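Numbers restart at 1 for each chain; the letters A, B, ... are given by sequence-line order, proteins then strands. The model shown is predicted, which means the values in this text are computed figures rather than measured ones.
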Protein chains: 2
Amino acid sequence: MSPRRVTLADVAKIAGVSPTTASLALSGRGRELRISQDVEQRVLKAAAELQYRPNIVSVGLRTGTTRTIGFVSDTVATSRLAGDMIKGALEAARERGFMLFIGETEGDAELERLLLQAMHDRQVDGIILAAMYTRTIKVPKAMTVAPAVLLNALPKQPSPLPSVIPDEIEAGRVAARALLDAGHREGIHLIGAGPGRRNVPAGGSVAAVERLIGIREVLAEAGVKPAGGHVCPDWQPEYGLAATRALLQKERPRALICFNDRLALGAYQALDDFGLKVPADVSVVSFDDHPIASWMRPQLTTVALPHYELGRKAVDVLFTEIGRDREDDGGEGEVHRVPMPIRLRQSVASPGT
Amino acid sequence: MSPRRVTLADVAKIAGVSPTTASLALSGRGRELRISQDVEQRVLKAAAELQYRPNIVSVGLRTGTTRTIGFVSDTVATSRLAGDMIKGALEAARERGFMLFIGETEGDAELERLLLQAMHDRQVDGIILAAMYTRTIKVPKAMTVAPAVLLNALPKQPSPLPSVIPDEIEAGRVAARALLDAGHREGIHLIGAGPGRRNVPAGGSVAAVERLIGIREVLAEAGVKPAGGHVCPDWQPEYGLAATRALLQKERPRALICFNDRLALGAYQALDDFGLKVPADVSVVSFDDHPIASWMRPQLTTVALPHYELGRKAVDVLFTEIGRDREDDGGEGEVHRVPMPIRLRQSVASPGT
DNA sequence: TCGCACTGCTAATCCGATTTAGCAAACCTG
DNA sequence: CAGGTTTGCTAAATCGGATTAGCAGTGCGA
């Protein structure tokens, strides 16, 4: 069936040289090791004719480098959000001739251990450990044996591993500024967290904490106080609906900052129930740029999670880790923050007195 | 830094035997090849103590099997829908101790070639070629050198490769039955395709054709004629909105069969615009079970794409391919159809005369 | 006591590359 | 023209296992 792969030995035979010479010529080290032009050309020609491709498994065994990186996540593949993260990583890896192993732990530490082990068994050159939503994680000790990067996650304990995360603080600033720029000064309510610095859902979500910091900072600078805040235990539509409904029963907000798009979806429904129009009566800004954000009516202005860029960046950082001299294990890993761009759509308008 | 991996030689030395013996004992072939109980135990003990793990790269070189399969898709990782497909494949593979390489072609044939090549260079044991939405694809000839399976796709030309696809015809039947069971007989409109067998969007979508077949079959059996059908060039919310709006300007339907959930989202908006309530005035059934289906109000009854099961099934089929004697390349590949379960929610009610 | 079968283990080879060490021929040099 | 240098290439070792062929030692029958 499968016609045996062409090996280096085949190329060497056709070119009439030894495998050693063929290897040298193909790896470009021919010059350095005094292979003649003539022979080099013969080898190259033979390789092209036979469509020779080196067996990476063999190279992996000999050199210890498999041109492969492992991408382990808690549950990335499931969420659409993170599909783009994988895609970014995939493309960045491909540009360097690397492939990606993927694995899902579903938050199971034992499974995580097994997966990392399976990847090491396959001699991956590096590992990206990703979280579905930005948070702090316990770094498994298996992570220290190979170059590694945390993606969308920060180490719970001090660790030499670098992290790549979205710049949530700046995102909070940007969202708040969007409302200020439209002229909002009063009746700004937060849905999902706030108004106080400590009013965040349990679970160690970095997004809640940092978005809140950014929002509060910009509002404070403008001398504006959020009119209220509503912590939601889970950032799902039904909680956004409930929180907004509760709010509307007491007062009439002029603007909502929803902590993600699903909450905003619920908020839209509540506003609709109360006969309020977005953005004429109430402006809404949100975070994530989930696909539904552009399906909602009016389309939602939201600060996007840059999943694709996060994935790319993680690979970039991993490659610098791989290239780095693995000795200087002092110090903490650097934290790389990827900008979150705002998508201006139709859900924000001036308060119109 | 990284303490050199434990090798078979290390285990052998500790156990006081040759690497050959250690290999035999560990591979379980000890009995067959007359290794004494005593020695076997010593080896096992040494391996456990050292936490020995065989280097799969080495095994791959020697035996040609890397316990790895390649998952190549046009753009699967991006779509949330398909995240579950990967997840199913991932789990099924993991249960057998296999890892997954993933790659995205973005519909680029050249990129596809390169990816398949990169996977073969890494000696994958088999390949799953997946499509984001069910359709017919041209099978690259590189696919014939290793065991392979088409996922969510059918071969455009006759091919020995097996396929795994959702059972869209039965899904169409199920959707139609859901309306019939609720008592609907009249005013049933199709949004997205139909009413005639040929009224499908361009692009070779298997879903449109087969769902339509199933729907028409069941309605015909019940002596019911669809009141109308509206082909949408793309199955996005805005087209669903437009089609439904156009429909409502002419008549008042009693039930809609939307060809996917995004169309249904648009339809909901149009119905709302016309002051019609779901399901009191108009029942809606749909396909896909996209996450938004359970966020919509009322929650949408929809026939689910079994992505997770598709992924699992593809791996199952791939393993039987791998196990099969690769000689009998006669015949066409088998087509495996995975059932699509209906999610009964709140968007269907009896027509209430 | 010789020959044979069986038991229990190991030496050697192989997979397909990379890399080190080294060899033969040509070329200088004084 | 002997001795040293350079040029151009190759043999052999290596990576870490799996696999094949075979080697000692024992037991047994004749």
Among residues two or more places apart or on two chains, list those pairs meeting side chain to side chain donor-acceptor pair (under 3.5 Å) that have a residue in residues 148-157 of chain A. Thr134(A)-Asn152(A)

Answer yes or no: does a side-chain N or O of Ser23(A) lie under 4.0 Å from OP1 or OP2 of dT18(C)? yes

Answer yes or no: side-chain N or O of Thr20(A) and base N or O of dA11(D) forming a donor-acceptor pair under 3.5 Å. yes

Would you say Val317(B) and Lys313(B) make side-chain contact, with heavy atoms under 4.5 Å? yes

Starting at the 5' end of DNA chain C and moving along, which residue's nearest nucleotide shows up first, Thr7(A) or Asp38(B)? Asp38(B)

For the pair Val149(B) and His336(B), evaluate side-chain contact (heavy atoms from CB on, under 4.5 Å) and give the outcome as yes or no after the intermediate values. CA-CA 10 Å; Val149(B) 172; His336(B) 303 262; over 6 Å; no

Counting only heavy atoms and a strict 4.0 angstrom limit, can you tell me which residues of residues 113-124 of chain A come near DNA chain D? none

In terms of side-chain heavy atoms of Arg29(A), which of dT19(C), dT19(D), dC9(C) is nearest? dT19(C)

Using only atom types and a distance under 3.5 Å, with no angle test, would you say the side chain of Arg67(A) pairs donor to acceptor with the backbone of Asp125(A)? no

Which residue pairs pass the salt bridge (Lys or Arg N to Asp or Glu O under 4.0 Å) test with at least one member in residues 50-61 of chain B, sequence neighbours excluded? Asp121(A)-Arg53(B)

Within less than 4.0 Å of OP1 or OP2 of dG8(D), is there a side-chain N or O belonging to Ser36(A)? no

Distance in angstrom units between Leu26(B) CG and dT19(D) P, rounded: 13 Å

side-chain contact (heavy atoms from CB on, under 4.5 Å), that's the test. Do Glu106(B) and Glu91(A) meet it? Break it down for me. CA-CA 11 Å; Glu106(B) 294 168 39; Glu91(A) 289 189 12; 2.7 Å; yes

Contacting residues from residues 10-19 of chain B, given that a heavy atom lies under 4.0 angstrom of DNA chain C: Val17(B), Ser18(B)

Specify the separation, in whole Å, of atom CZ of Arg5(B) and atom P of dC15(D). 15 Å

Among residues 49-67 of chain B, which residues get a heavy atom nearer than 4.0 Å to DNA chain C? Leu61(B), Arg62(B)

Quick one about Ser18(B) and Thr21(B) (side-chain donor to acceptor, distance below 3.5 Å, no hydrogens or angles considered), yes or no? yes

Within residues 100-159 of chain A or reaching into it, pairs that qualify as ring pair (Phe, Tyr, Trp, His ring centres under 6.0 Å) - sequence neighbours excluded: Phe101(A)-Phe101(B)

